[in-house]
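Worksheet: the structure to be examined is printed underneath.
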Amino acid sequence: MASVKVSGGGIRIAIDRGGTFTDCVGNPGTGKMEDDVVIKLLSVDPANYEDAPLEGIRRLLSRFTGKEIPRGQPLDTSQIESIRMGTTVATNALLERKGEDIAMVVTKGFKDCLEIGNQSRPNIFALDIQKPEVLYKKVVEIDERVTLEDYAEDPTRHQTEAKSIEEAGPDAELVRGTSGEAVRILQRPSEDKIRAQLQEVYDSGLRSIAVCLMHGYTYPKHEALVGKIAKEIGFEHVSLSHELMPMIKLVPRGTSACADAYLTPAIKKYISGFSSGFEGGLGTKSMKRAEGSKGARCEFMQSDGGLVDVDIFSGLKAILSGPAGGVVGYALTSYDPQTKIPVIGFDMGGTSTDVSRYGAGRYDHVFETTTAGVTIQSPQLDINTVAAGGGSRLFWRNGLFVVGPESASAHPGPACYRKGGPLTITDANLFLGRLLPDFFPKIFGKNEDEGLDSEASEKLFKELAETINKELSGGNKEKEMSLDEVAYGFIKIANETMTRPIRSLTEARGHDTSKHRLATFGGAGGQHAVAIAEALGISQILVHRYSSVLSAYGMALADVVDERQEPESKVWSDDKETTEYLKNKMEDLKAKSKAILKDQGFEEDQIHFEEYLNMRYRGTESALMIVRPSKEEADKDYGGDGWAFGKAFVKQHEQEFGFTLPDRDIIVDDVRARGIGKTFEGLEETVDQQLKAIKPKDLAKGEKRYSTRQVYFEGGRQETSIYKLEDLEVGDRIKGPAIIADGTQTIVVTPGASALLINTHVVISIGESDTQEKQIETKEVDPILLSIFAHRFMAIAEQMGRALQKTSVSTNVKERLDYSCALFDSEGGLVANAPHLPVHLGSMSTCVRKQAAIWKGKLKRGDVLVSNHPMFGGTHLPDITVITPAFSGDKIIFYVASRAHHADIGGILPGSMPPSSKELYQEGAAIKSEKLVSEGHFNEKRITELLLDEPGQYPGCSGTRCLSDNINDLKAQVAANQKGISLISTLMEDYGEEVVRFYMTNIQKNAELSVRNLLKEVYKRFEGQDLTAVDFMDDGSPIRLKVTIDPEKGEATFDFTGTGPEVYGNINAPEAVTYSAIIYCLRCLISEDIPLNQGCLKPINVVIPKKSFLSPSDNAAVVGGNVLTSQRVTDVVLKAFKACAASQGDTNNLTFGFGGTNSPDGSSERKEASGFGYYETIAGGSGAGPTWNGTSGVHTHMTNTRITDSEIFERRYPVILREFGLRPGSAGKGMHPGGDGVIRDIEFRIPVQVSILSERRVYKPYGMEGGGDAECGLNIWVRKVEKNAIDPNSDSVVNGVGLKKPQQGGDEAEYRYINLGAKNTASMKPGERIIIYTPGGGGWGKEGEESRVEKKEDHMAAWKQGSVAQRQLTAEASA
C-alpha cells in the first residue's frame, strides 16, 4: 500500500518493542500493504528466546526466504534492506532506575540544583512529599563561573559589544557567546584541579559523567575543557549539556545531560547485543565495510518522531521511542494534505492511554517534558498519557465512581486474565459484551492456553455492586443499581476522565476539538472511540487496519531526521542585516545536518529541511517555535516573503494567546534546523481520496454476520451483530449497534453510528443516537451522574483558566499561571475551582457570598463585580477577584469568578508586597465592592481611579505601576467568566437547568460526607479528647486552637479563642485565609481525591475572635497574613491533629528592584522612573511524619511557587547567583528526620532596593512525637562599608552560621555581615549580597528508633507527561 522508493530492493522490517508485546511488520521489498507480514510476540519470554526483536526478525526472514532459520544462528543481512525499531529500553531503565552509575559535574555553588529542581512539589495535597530521585551517584563542583553582562529588564536596553569567543583570545574577560549575548568570565577553571577531581571520580569506579555548567549553552569553553580532560582520563561516556541541547535553563539542561549519561551506556549495551545477532552487523558503518559480510541499514526511532542511524542513537532521544512510532503511523495514514483536517491520536493500550495531535502537516513538538520524574530538554513529540488504559482500576470511594489512576499493570492484569487481578475497565467491557473472548488470544491460565475469564469479572462486579447498593439504597430494592448499570457507569467515568485532557491538549493551543478527526489505535481504543468522539463533538473516527501494530507500521513510514539547534538573542527585524545574519546561521546548521544525512546514504534530492526560529515577545517567557512559511503560505499571507518569521510569529501568537503586543520587540531565542532524509513518498490514496471514490453498500440484516450477542449500550442490552474484519469488503457499510473484530482489535459501533470499510481503514461516522436520553430524576442522586458532573464542573473551571491565560497579558497570569477560576451556586457556595491553589480554596467563596449579599436584587444581566479587600473575602490586595452572575429570567442561578495575582497595584513599594507595611493603604489599591462592567459596558474610568488615582493620594504611596497590564488582565478575567457562563449554559441545555443545579448542590454534599467521615475517624483515634495546639509568630503573637468533635454528626468546632490581638504590622490575616488553611488541611488528612468545594466546610464551625490578628479591622495591613500567617495556621491545625512535624512554615518572600511612581517627600508631585521589580518565594524543609522522612529544598502547604531558573534569573536581572543549594544540618533530627532548608546567595550588580518578608526566624519549626525541632531561618546582608568605619570584629560568626568574607573588594572597602531580621528593606549597592538561609522541617519520633518509612508507589510514574501535564503542574505551582 505504501509506495516506498526502493534502492536495490530487499526485505524491510519495522519493529516496536513495547512493554507487553513486540510488534513486527515485514515487507518483501514490494512496498505493497497486501504483501506485509505481521507478527506479534511477547516482549519477555526467556524460556523461548533471549531478545524479542531478534526473534521477530528470525521468524520474518524464515517466512520470506521459505527456510526455517534455527535460533541462535547469526542472521544473514544480505537480503535485508532495512531494519527500523522503536524500543522501551531507555524508558524502562529510567522507570526502574537501572541505568549506568554516573557523576554530575556542575558549577561551584550549584551541587544541589537538580535535587531542588524548580522547588515545587508534585502533589499539592501530599504531606509526605515524594520527589523523584536524582540520577547521579556523585557531584563534582568545578570552581569556574561566567555570567551575562547585560540584563533583559534594563529599561535603557543597553547592549555591550564584545568579540566572539574565537576572536577575543584566551585571556579576554568579556566575549560574545554563541547566543550573541555578552558573557563576562568571572572565574577561569584550573585544569590541574579538574583533573584531580575527575580522577577521584574515575578511581571510585564511575565511567560515565554529565557536565552542565552555568551559561554553558552560550559559553561552552569550560564544559568542553572538562569533557576533554574526562576523555583523557578514560571515561567511557561524557555528556556535555551544550552539545546535547544548547538552550537556556540550567536545571532542565542538567537533568537532560544526566539522563543522557545515565541511559546511553544502557542503550549501547543493548544495541551491541542486538547487532551481534547479525552476520555483518548493523548500521551505516557496517555497510561501508570493505571486507567481509556487509551489514544492513538499521535505524532507531527517536522521541521527536524521526529515525536515526543505530551508531548515533543516544539515551536522551530514546525516551519516547515506541510511542513516537504510533504518532508517525496515524499522522501519515490519517492526514490529508489537501483537505488539511487535523487529527487527534487516541492510543489506548493495556497499561496506558496516550493522546497527541497532528495538524498543518507537521508534528507538535515540545521542548521540555517529564518522564518518570525526569525533566528532559530535547525536542519530543507532544504525547500525553491521560489514563492507565484498559488496566485502569475501578473503585467506589466516598459516594463516587472512580477510575484509576492505579493500574492492574501487565501482572497480575485485569480480573479476567486468570491471575487474581482487580476489577478494571477491561473487565467492564467484557462484562457488558463489548469484548469478545472468541477473538482474544488464548494465552491465560496455568498452561497459558485459556481465554478470558468472564466469570471472574462478574464475581467482582457482584461484590462491588453489593457495596454500592448497601450505601445507596438503605435496603430499598427499587433504588438498587443493576450489575450492568454499575459496569457501564465505570465506562462512562473512564471516558469522561480521558476527554478532559484531550480537550485541554487541543484548546490550550487555540484549536477547536470538534474540527478534528479521531484516529484510534492500541488494543482497547476501538471500545471507547465512539463515546470519546461524541463527548468531544467529533463526527468521524479512523481505525487503521493495522491499528493494533500502528507503532511498528509507523517506523516503516518514518523519515530519518537530524536536528540542529543554536541559541540566539537577536531582536527580530525585517531589515536585511538581521535576516542575512539569521539566514547564515541557519545555513550553517543545515550544512552540518546535510553532511550527517549524506553519510547515511541519502542523495541530495531526498534531503529536505524544516527551518524554525524560537521567538517570543520581550519581557515574556512564552516562546513559540515558528516554522518558516511554505511558498504557498508566503504567497497567500506574507506578500511572497519566504522569510516572514516575524509576521508568522504575530499570527501564531494571536491564534494561541488571543492577542499581540505590537509595541514590544520580538526576541529570537534559538535557531533550529530539522534535516529530513525522505524514505516515504506518501500513500497511494489518502483517506479522503478513498472516501470520495467509494460507493458505500449497506449490509442487509444478517449479511456477512459472524454471530450476534446481547451488548449493553445506554438504556439497556441490545442484540448486536458481530463481524469478522477479514469477512468484510471495501465499500461495506454497517449500521450500529455492531462489533467488528479480528485477532488484535475490537471496534464497538454504537447505536446511531455506522462503520464503512475502505482500503486502509474502518471509518466510523457518528450519527444521532437512536436511544432517547432518559428523563433525569432530581429526587434521588445518581452516583454515576454525580461523578460525571464532578468532572464536568472541574472541566469548566479548567476551560475558564485556559481562556484567562490565553487573553491575559501579564507574566504572572500568562506564564506563572497565578490565578484560580471557579463556579459557585446561587448562594455563593463553591462548586469547583481550578487549579487548586490552597490559599484560594475557602476564600473565594467568602468573597462571592459577601458580594452576593451586598448586591442582592440590584444586579442585571451583563453586570460584573470586582473586589480585593481583605474584609470582603480577599486574601492580599494583589489578588483581584472578578465575579459574574448568571441569570435565568431575572433570577441569579449561579456565579462564576476568577481571581488573578496582579504584579502591581500601587502602595509604598513596587510589587505591592511591602515587608514593612503598617496600614492597608501602604499595600496598594483596596476595592471593597464595585461594578467593573455595567450591563456590558466596561467601566475603564472608574477602575483607573481605583487602581491609579486613589492609592497615589496617600503619603509615600504610588498608584499602580502597570495600569495597562492591570486593565488587560481584568478584561481577560471578565472574558474567562463569560466562557464559564456559556459552558454551564450548554450543560444546562444538555441536561436541563434543574438537573445541573441539583448536582451543584449534591457535589457539595458529597465533599461534606467525606469530611464528616474523617472527623468521626479522628474522634475514635484520639478517644474523644479535644485536640489542642498553639504556635507563635516571630513577634510572639500566639495562634491557639481547640478542636472539639461531635462523633455522632461528624461535626467539629475549630475555636481560635486565645489568639493574639491585631498587630501593628502586616501579619494580620483576613478570616478567609483561615478558612482556606482549614480546607487545605482537611483535604491533606483525607488523602484521597475528593471534590474540593463548600461542602468541606459544612461540618465545620469556625470561631475566630474579632479584632484578633486572624480577624483584623478594615484598615489593618495584611500582606504577610496571606503568605506567612496562613502557613502558621496550617502548622497549628496539623499539630492539633498530630499529622506531622512542622515544615519550614514560611515562604521567604524576596523582592528587589528600582523605579516606580511615588512622591518620596510626601508632596503631591509625582516622580516617575522606569525600572523593574522582581518577586520570588524560596523553598525550605518539609516536616517528617509517622511513615515518611521530610523532604529538602521544597515548597510546603499554602504555597508551591516555582523558582526562576538560575540562568534565566541572571539573564533577566542584574544579579549574580553565588549559591543556591541545600542547607546541611538545618533539619530536625528524629526516627524520621525532617528536610533541610536552602541557602540562596544573591549578589547585586547595580543599586537596588531589596525587601525580605519572612517568618520562623525566632520560633523553630516543631518536631513531633519526640522528634527534634528544625533550625530557624536567617537573612544576612553582606554590606560594603568604608574601611575607616570598620569595626575590627565585623567579620564574625552569626547565630552559629559560619560566614566567609568575600574575596572581592579593594583597599578602600570591606564587607560586614548584618542580620536583617525577618522583615526588612534595604538599599543595596553593587557588589553587596543578600544571603537567605531558610528553615528546615521538624523531625518525627525519637532519634535512634527503628524507621517506619513506607515506600509509596507513584501510580503515574510511567506516564508520558507532555504539554497537558506540564500545564497542570505549572498551574499548581503558582500558589
Side-chain angles (χ1 to χ4, degrees), residues 157 159 164 176-181 217-218 246-248 304 306 337 340 359-365 367 379 509-510 559 561-597 604-620 622-657 659-678:
R157 301 275 177 263
Q159 284 199 306
S164 71
R176 189 175 74 246
T178 53
S179 62
E181 294 164 291
Y217 71 95
T218 187
M247 277 180 105
I248 190 167
D304 65 358
K340 295 186 166 62
R362 281 187 297 274
Y363 299 108
D364 278 352
H365 285 115
F367 293 83
R509 292 266 171 95
D559 295 317
V561 166
D562 182 77
E563 281 259 7
R564 304 267 146 183
Q565 186 166 316
E566 273 203 5
E568 189 43 73
S569 60
K570 205 91 182 138
V571 173
W572 172 263
S573 164
D574 288 316
D575 67 34
K576 194 161 185 234
E577 189 191 336
T578 305
T579 51
E580 284 305 313
Y581 169 83
L582 291 168
K583 277 180 186 174
N584 290 338
K585 201 158 188 175
M586 187 72 81
E587 289 306 318
D588 287 350
L589 294 177
K590 284 163 68 176
K592 289 174 186 167
S593 261
K594 192 176 279 187
I596 294 280
L597 291 168
E604 189 86 26
D605 65 342
Q606 293 176 299
I607 298 173
H608 303 265
F609 287 96
E610 285 177 5
E611 298 170 48
Y612 295 90
L613 294 182
N614 197 24
M615 306 170 89
R616 63 185 168 85
Y617 281 121
R618 186 187 289 281
T620 72
S622 303
L624 294 173
M625 193 61 79
I626 305 297
V627 71
R628 182 179 166 182
S630 64
K631 185 168 187 332
E632 182 193 339
E633 286 170 321
D635 293 343
K636 182 168 156 271
D637 297 331
Y638 308 120
D641 180 359
W643 250 72
F645 277 103
K647 296 186 185 87
F649 167 78
V650 170
K651 184 180 171 189
Q652 194 171 326
H653 200 281
E654 172 79 52
Q655 184 202 326
E656 284 205 24
F657 300 121
F659 71 95
T660 60
L661 297 167
D663 55 340
R664 290 220 198 163
D665 290 339
I666 297 169
I667 310 285
V668 178
D669 270 346
D670 303 275
V671 180
R672 173 186 169 217
R674 185 173 167 87
I676 298 166
K678 281 277 178 199

Carboxylate-amine/guanidinium contact Arg616 Asp669, below 4.0 Å: yes
Is the closest basic N to carboxylate O distance between Glu654 and Lys651 below 4.0 Å? no
Does atom CD of Glu580 have more than 12 heavy-atom neighbours from other groups under 6.0 Å away? yes
More than 12 foreign heavy atoms under 6.0 Å from NZ of Lys636: is that the case here? no
When rounded to the nearest 0.5 angstrom, what distance separates [atom1] in [X] from [atom2] in [Y]?
{"X": "Ile607", "Y": "Leu597", "atom1": "CD1", "atom2": "CG", "result": "5.0 Å"}
{"X": "Arg564", "Y": "Lys594", "atom1": "CZ", "atom2": "NZ", "result": "14.0 Å"}
{"X": "Ile676", "Y": "Glu563", "atom1": "CD1", "atom2": "CD", "result": "8.5 Å"}
{"X": "Arg628", "Y": "Glu611", "atom1": "CZ", "atom2": "CD", "result": "4.5 Å"}
{"X": "Ile666", "Y": "Met615", "atom1": "CD1", "atom2": "CE", "result": "5.5 Å"}
{"X": "Met586", "Y": "Phe645", "atom1": "CE", "atom2": "CZ", "result": "4.5 Å"}

Ignoring hydrogens, what is the shortest heavy-atom contact between [X] and [Y]? Give both atom names and the distance.
{"X": "Pro629", "Y": "Ala634", "result": "CB-N, 4.3 Å"}
{"X": "Ser569", "Y": "Gly180", "result": "OG-C, 3.6 Å"}
{"X": "Lys590", "Y": "Ala673", "result": "CG-CB, 4.0 Å"}
{"X": "Tyr617", "Y": "Val650", "result": "OH-CG2, 3.9 Å"}
{"X": "Asp559", "Y": "Gly677", "result": "CB-O, 3.6 Å"}

Can you find a side-chain donor-acceptor pair between Glu181 and Ser179 that sits under 3.5 Å? yes
Criterion salt bridge (Lys or Arg N to Asp or Glu O under 4.0 Å) on Lys631 and Asp635, from CA distance to verdict: CA-CA 6 Å; Lys631 185 168 187 332; Asp635 293 343; 2.9 Å; yes
Tell me, do Met247 and Asn614 make a side-chain contact under 4.5 Å, heavy atoms counted? yes
Under 4.5 Å between any side-chain heavy atoms of Glu566 and Lys585, yes or no? yes
For the residue pair Trp643 and Trp572, categorise the inter-ring angle as parallel (less than 30°), tilted (30 to 60°) or perpendicular (more than 60°). parallel
Test side chain to side chain contact (heavy atoms under 4.5 Å, CB included) applied to Leu613 and Glu568, step by step: CA-CA 9 Å; Leu613 294 182; Glu568 189 43 73; over 6 Å; no
Restricting to ring pair (Phe, Tyr, Trp, His ring centres under 6.0 Å), what partner residues turn up for Tyr217, sequence neighbours left out? none
Using the rule given for side chain to side chain contact (heavy atoms under 4.5 Å, CB included), can you reason through Asp304 versus Phe367, listing the C-alpha separation, both sets of side-chain angles and the distance that settles it, and then say yes or no? CA-CA 10 Å; Asp304 65 358; Phe367 293 83; over 6 Å; no
Does Lys647 make a cation-pi contact with Tyr638 (under 6.0 Å, within 45 degrees of the axis)? no
Could you check whether any side-chain N or O of Arg672 sits under 3.5 Å from a backbone N or O of Gln565, counting only pairs where one atom can act as donor and the other as acceptor? no
Begin with the C-alpha distance, continue with both residues' side-chain angles, and end with the deciding distance and a verdict on side chain to side chain contact (heavy atoms under 4.5 Å, CB included) for Val671 and Lys570. CA-CA 10 Å; Val671 180; Lys570 205 91 182 138; over 6 Å; no
